[in-house]
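Presented below is the structure to which this report refers.
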Amino acid sequence: MILAMEHIYKDYYQGKTPVPVLKDVNFRMDEGDYVAIMGPSGSGKTTLMNMVGCLDRPTRGTYILAGKNIGEQKDDELADIRNRYLGFVFQSFYLLPKMNATDNVALPLLYAGVPKKERTERAQEALRMVGLGERLKFLPNQLSGGQCQRIAIARAMVGNPTLLLADEPTGALDSASGDQVMELFAQLNARGTTVLMITHELAIAQCAKKIYHIRDGILDTGEGAGA
Ligand SMILES: Nc1ncnc2c1ncn2[C@@H]1O[C@H](COP(=O)(O)OP(=O)(O)O)[C@@H](O)[C@H]1O
Ligand SMILES: [Mg+2]
């Protein structure tokens, strides 16, 4: 088991009034899973992803990731867990515009204290894996949206995460580039990376091995209440 959420709730506050956004979310993922969570805009997908990614804390409930009870970890411990186990891909690529592809991909390794030569080698290897071996020194504005997203995927993978988290990874891409990103995810999953992807597009969700639906903060994993 990689993760388990049990009875997770998230309320946002409008002044003093709680606004429930996640309502009793229960699910688990095992090694090698590839899950898509589908739901309409405003259903709580990004909120859920922020919980899974340890970027925000639930209002209540239990979250176990990589054998650790996330609710008991301090913020710096959470940062460490994110660096060690998780890779993130977002709809907007969040590349640094003045850094070339290699340096963008190497950035997480810099934060992890990896020496320069090894950083560069590993970043370039990751870029070759996503098919950008000919673009190692290109700046983001010299590349297409699909290529920028592949840089972001290389950056997410360069630390060998256990779990790749993707929030609407094809949302800003044309369909051909989106298909390339989906091919890449399938390859990464086939090589052992566990993948959790959020999307509101059925054709994209169908690239995963399992599809769960979220509606109005309630996640349906097909296992029924209390699963
Ligand atoms: N920081 C926040 N403060 C208050 N409400 C929020 C915040 N973030 C999200 N929400 C609300 O929570 C609901 C779910 O948002 P979100 O998780 O972003 O949905 P999705 O990603 O499915 O579109 C929305 O109604 C949104 O307005
Ligand atoms: Mg969202």
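We count ligands from 1, going down the list as the structure has it; atoms in each ligand are counted the same way.
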task: Check whether any heavy atom of G39 sits under 4.0 Å from an atom of ligand 1.
output: no
task: Any atoms of ligand 1 less than 4.0 Å from a non-hydrogen atom of P40? List them with their elements.
output: 22 (O)
message: Using a 3.5 Å cut-off on N or O atoms only, is V21 in polar contact with ligand 1?
response: no
task: Could you tell me whether ligand 1 has any atom less than 4.0 Å away from a heavy atom of G217?
output: no
Distance-only criterion, 3.5 Å: show the donor-acceptor pairs between side-chain atoms of residues 132-146 and protein atoms not counting sequence neighbours.
unit_1	atom_1	unit_2	atom_2	d
Q142	OE1	L139	N	2.8
S144	OG	Q147	N	3.1
S144	OG	Q147	OE1	3.4

- prompt: Just to confirm, does any protein heavy atom lie below 4.0 Å from atom 27 (O) of ligand 1?
  reply: no
query: What is the closest protein heavy atom to atom 5 (N) of ligand 1, and at what distance does it sit?
result: Y12 CD1, 3.3 Å
field: Atoms named by residue and atom, protein N, O or S, within reach of the Mg ion (ligand 2) (under 2.8 Å)
entry: T46 OG1
- request: Please determine if K23 and D11 form a salt bridge, counting it only when a charged side-chain N lies under 4.0 Å from a carboxylate O.
  value: no
message: The criterion is side-chain contact (heavy atoms from CB on, under 4.5 Å); which residues satisfy it with Q187, sequence neighbours excluded?
response: L184, R191
message: So that I can tick it off, tell me whether D103 and K98 are bridged by a salt bridge, with the cut-off set at under 4.0 angstrom between side-chain N and carboxylate O.
response: no
field: L86, I198, D167, L165 screened by side chain to side chain contact (heavy atoms under 4.5 Å, CB included) with V52, the one that passes
entry: L165
- request: Work out which heavy atom in R155 is nearest to a heavy atom in F93; give both atom names and the distance.
  value: NH2-O, 2.8 Å
message: For the residue pair H7 / D24, report whether a side-chain donor-acceptor contact shorter than 3.5 Å exists.
response: yes
task: Before giving the answer on side-chain hydrogen bond (donor to acceptor under 3.5 Å, both in side chains), spell out for T47 and Y12 the whole-Å C-alpha distance, their side-chain angles and the decisive distance to 0.1 Å.
output: CA-CA 10 Å; T47 303; Y12 288 116; 3.3 Å; yes
- line: Nearest non-hydrogen protein atom to atom 25 (O) of ligand 1, with distance, is G42 O, 4.0 Å
message: Which residue and atom name correspond to the protein heavy atom nearest atom 19 (O) of ligand 1, and how close is it?
response: G44 N, 3.3 Å
query: Under 30°, 30 to 60°, or over 60°: which ring-plane class applies to F90 and Y94, parallel, tilted or perpendicular?
result: perpendicular
- prompt: Which protein heavy atom lies closest to atom 16 (P) of ligand 1, and at what distance to 0.1 Å?
  reply: T47 OG1, 3.7 Å
field: atom 18 (O) of ligand 1: nearest protein contact (heavy atom, Å)
entry: T46 CB, 3.7 Å
Could you list the donor-acceptor pairs under 3.5 angstrom formed by side chains in residues 199-206, with sequence neighbours left out?
unit_1	atom_1	unit_2	atom_2	d
T199	OG1	E201	N	3.0
H200	ND1	E168	OE1	3.2
H200	ND1	E168	OE2	3.0

message: Whether the N50 and K10 side chains hold a donor-acceptor pair (N or O, under 3.5 Å, no angle test) is what I'd like checked.
response: no
